[in-house]
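Computed from a predicted model, the values in this text were never measured in an experiment. The first residue of the sequence shown is numbered 1, and numbering continues consecutively from there. The figures here come from the full heavy-atom set of this structure, side chains too, leaving out hydrogens, waters and symmetry mates.
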Amino acid sequence: FAAINALIPTAMGWYENTSGWCFISGSKSGVLSRLFNYYVWVVIAWFVIVVLYIRIWKFVKDNQIEFDSMPTVNRLMYYPLIFFVCWFWSLLRRSWNVFSPTGQAPVALIGLQIFFSNIYGLCNAILYGWIVRYHLRATSQTISESLGSKDEKFKTDASKTSMQHQPHQNSLSSVALGDVNTGDHNEERAGDPEL
């Protein structure tokens, strides 16, 4: 699909050097090609994302699910926001080019378009890292809690077992100590002439 949309302006000879990089020319047919081969699809993608997120939101509300119970879905909501913010300026600039009498957008708008279109990948990478970090932290906490509960169960079972064997050990200890004490006492008696 992307190849077809790239080949149409190439086949028609509409690509040219547009100051900073090569893009579709600013002629009337080039402007239409910009809109139909690129920007219309961005708007359609925005529309589809909005519809899908509304459906997700409606499903969550109808089933009385808390968004806090689905932290991944909650964080995934930021991807369309990044997409919208980063590509809005490009769409605004191209719309300005079409509807402006001079066909030129203000320098500030061009700067915003260049800045935000270039940080789109960075913003996605940061969001992806944030989500992965959250998952790793949550998974680590779940494993720690799981091991902690098993460790507590092991300690409880071990203390119960030692308590069950403790009276037996105490009686063995007292017998052993009693034998020693009795033996010492018997040695004293054996050395005592009165006995």
*Partner residues of Phe84 under the side chain to side chain contact (heavy atoms under 4.5 Å, CB included) criterion, sequence neighbours left out*: Trp46, Phe88
*asked:* Same cluster or not: Leu92 versus Val42, using hydrophobic residues (I, L, V, M, F, W, Y) connected whenever any side-chain heavy atoms lie under 4.5 Å apart?
replied: yes
*Given side chains that start at C-beta, do those of Trp96 and Pro106 come closer than 4.5 Å, heavy atoms only?*
yes
*List in chain and number order the residues that pass side chain to side chain donor-acceptor pair (under 3.5 Å) with Tyr39, two or more places apart in sequence or in another chain; answer none if no residue qualifies.*
Ser90, Arg94
_Suppose we screen for side chain to side chain donor-acceptor pair (under 3.5 Å). Which residues come up paired with Thr102, at least two apart in sequence or across chains?_
Ser100
*Below 4.5 Å, heavy atoms only, C-beta onward: do Phe83 and Asn124 meet side chain to side chain?*
no
*Please identify each residue that fulfils side chain to side chain contact (heavy atoms under 4.5 Å, CB included) with Val48, with sequence neighbours left out.*
Ile44, Leu52
*Find the distance between CG (Leu127) and CD1 (Ile131) and round it off to the nearest 0.5 Å.*
4.0 Å
*What's the spacing between Lys58 NZ and Arg55 CZ if we round to 0.5 Å?*
9.0 Å
_Leu91 reachable from Phe115 in the ILVMFWY side-chain graph, under 4.5 Å edges_ = yes
_If the condition is side chain to side chain contact (heavy atoms under 4.5 Å, CB included), which residues does Asn63 pass it with, not counting sequence neighbours?_
Phe59, Ile65
*What pairs with Ile143 under side chain to side chain contact (heavy atoms under 4.5 Å, CB included), at least two apart in sequence or on another chain?*
Thr139, Leu147
*Report the residues that fulfil ring-ring contact (aromatic ring centres under 6.0 Å, His included) with Tyr79, sequence neighbours left out, ordered by chain and then residue number.*
none
_Shared hydrophobic cluster for Ile54 and Val43 (ILVMFWY, side-chain gaps under 4.5 Å)_ = no
*Would a hydrophobic clustering, with Ile, Leu, Val, Met, Phe, Trp and Tyr connected at side-chain separations under 4.5 Å, put Val132 with Ile82?*
yes
_Do Ile119 and Leu81 sit in one hydrophobic cluster, given that two such residues count as connected whenever their side-chain heavy atoms are within less than 4.5 Å of each other, even indirectly?_
yes
*Which ILVMFWY residues can you reach from Leu122 by hopping between side chains whose heavy atoms are under 4.5 Å apart?*
Ile126
*For the residue pair Arg93 and Ile110, what are the closest heavy atoms and their distance?*
NE-CG1, 3.5 Å
_Checking Trp89 now: which residues fulfil ring-ring contact (aromatic ring centres under 6.0 Å, His included) with it, not counting sequence neighbours?_
Phe116
_Ile4 CD1: over 12 foreign heavy atoms closer than 6.0 Å_ = no
*Looking at residues at least two apart in the chain, or sitting in another chain, which of them share a ring-ring contact (aromatic ring centres under 6.0 Å, His included) with Tyr53?*
none
